[in-house]
Each structure stands twice: as structure tokens, then as C-alpha cells.
**Student:** 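The structure follows.
Residue numbers count from 1 along this sequence. Computed from a predicted structure; not experimentally measured.
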Amino acid sequence: MYRKKTWSEYTDDEKEILKQKVIEAAPETPFPPEFAAAYIGKSLHTLQHMRCHQSQAITYSKAGRHVLYRKRHLDEYLDNCEQSSTSSY
């Protein structure tokens with residue numbers, strides 16, 4: 001049986017390849033959490049925590065047991081994270 005890699009088992013080169021795939025994709029393209037994590041610079045655990053515990057989590061879809069993130073939702077999340085100064089917190 002196939003075992004999925006844990007996030008710590010991905011090399012920096014593999015993460016960069018995943019990130020590049022998202023960068024090159026159309027806005028409506030769905031991606032699994034591994035691609036989303038590489039694109040926004042978070043871990044898989046952080047994405048899971050955000051889905052379960054934060055109201056400001058990235059919008060996602062579920063197809064059965066599979067979680068998918070659309071590129072446009074990842075971009076919206078990154079746009080919302082922008083701050084003009086540290087006093088904005």
C-alpha cells in the first residue's frame with residue numbers, strides 16, 4: 001500500500017517544484033494540501049490546524065476524504081496577509 005510522505009520528508013527542491021506548479025496554474029485549478037502548503041510557505045499541519053480551528057482559514061473543498069484548495073483562494077489568503085506596518089497588528 002502506498003504511504004503518503006510526511007511534510008518533513010519533502011526536500012526543499014520537491015517543495016519548490018510543487019510551488020512552481022501552483023504559480024503556473026489557472027486560478028480555478030484545485031490542488032491538494034501539499035501543493036497549497038508549498039505555495040504559501042506553511043506546513044501541512046498548519047493547514048490542517050487552520051481548517052479545524054480558525055475562522056479565517058483558507059477556503060477549501062472536500063471531495064470525499066480529499067481536501068482541495070483552489071489557487072484563487074490561496075492567492076486571496078496571501079493578499080489578506082499583507083500588512084503595511086507592524087503596528088497594523
**Student:** Can you confirm whether more than 12 heavy atoms, excluding those of H66, are under 6.0 Å from its NE2 atom?
**Tutor:** no
**Student:** Between atom NZ of K71 and atom CD of E28, what is the distance when rounded to the nearest 0.5 Å?
**Tutor:** 11.0 Å
**Student:** Are I40 and V22 close enough that some pair of their side-chain heavy atoms sits under 4.5 Å apart?
**Tutor:** no
**Student:** What distance separates K62 NZ from R65 CZ, expressed to the nearest 0.5 Å?
**Tutor:** 8.5 Å
**Student:** Within this structure, what is the CG-CD distance for the pair D13 and E16, rounded to the nearest 0.5 Å?
**Tutor:** 8.0 Å
**Student:** Is there a path from I17 to L44 through hydrophobic residues (I, L, V, M, F, W, Y) whose side chains come within less than 4.5 Å of each other?
**Tutor:** no
**Student:** Between K15 and E34, does any side-chain N to carboxylate O distance fall below 4.0 Å?
**Tutor:** no
**Student:** Mind checking the OH-CG spacing from Y39 to L74? Nearest 0.5 Å is all I need.
**Tutor:** 7.0 Å
**Student:** Looking at every non-hydrogen atom in both residues, tell me the closest pair between T29 and A26 and how far apart they are.
**Tutor:** OG1-O, 2.9 Å
**Student:** Donor-acceptor pair, E24 side chain versus K21 backbone, under 3.5 Å?
**Tutor:** no
**Student:** Could you report the tightest heavy-atom contact between A57 and M50, atom names first, then the distance?
**Tutor:** CB-O, 3.0 Å
**Student:** Please step through side chain to side chain contact (heavy atoms under 4.5 Å, CB included) for the pair Y77 and R72, ending with a clear verdict.
**Tutor:** CA-CA 9 Å; Y77 170 78; R72 71 179 168 92; over 6 Å; no
**Student:** Could you walk me through whether R3 and E9 pass the salt bridge (Lys or Arg N to Asp or Glu O under 4.0 Å) test, one step at a time?
**Tutor:** CA-CA 12 Å; R3 181 184 74 81; E9 293 174 321; 3.0 Å; yes
**Student:** Do we get R51 above Y60's six-membered ring, with its NZ or CZ under 6.0 Å from the centre and within 45° of the axis?
**Tutor:** yes
**Student:** So, taking the atom named CZ in R70 and the one named CG in D75, what distance separates them when rounded to the nearest 0.5 Å?
**Tutor:** 13.5 Å
**Student:** Assess whether side chain to side chain contact (heavy atoms under 4.5 Å, CB included) is satisfied between Q20 and I23, documenting all intermediate values.
**Tutor:** CA-CA 5 Å; Q20 204 55 42; I23 289 170; 3.9 Å; yes
**Student:** Report the distance from atom NE2 of H45 to atom OG of S8, rounding to the nearest 0.5 Å.
**Tutor:** 12.5 Å
**Student:** Using the test side-chain hydrogen bond (donor to acceptor under 3.5 Å, both in side chains), find all partners of T59 that sit at least two apart in sequence or belong to another chain.
**Tutor:** none
**Student:** Hey, are the side chains of Y69 and P33 touching, using non-hydrogen atoms and a 4.5 Å cut-off?
**Tutor:** yes
**Student:** What closest approach, in Å, do S43 and A37 show between heavy atoms, and which atom pair accounts for it?
**Tutor:** C-CB, 4.1 Å
**Student:** Counting only heavy atoms from other residues, nucleotides and ligands, does the tally under 6.0 Å from CG of D79 exceed 12?
**Tutor:** yes
**Student:** Considering only residues two or more places apart or on different chains, which pairs with a residue in residues 3-25 satisfy ring pair (Phe, Tyr, Trp, His ring centres under 6.0 Å)?
**Tutor:** W7-Y10
**Student:** Transitively linked via ILVMFWY side-chain contacts under 4.5 Å: L68 with I58?
**Tutor:** no
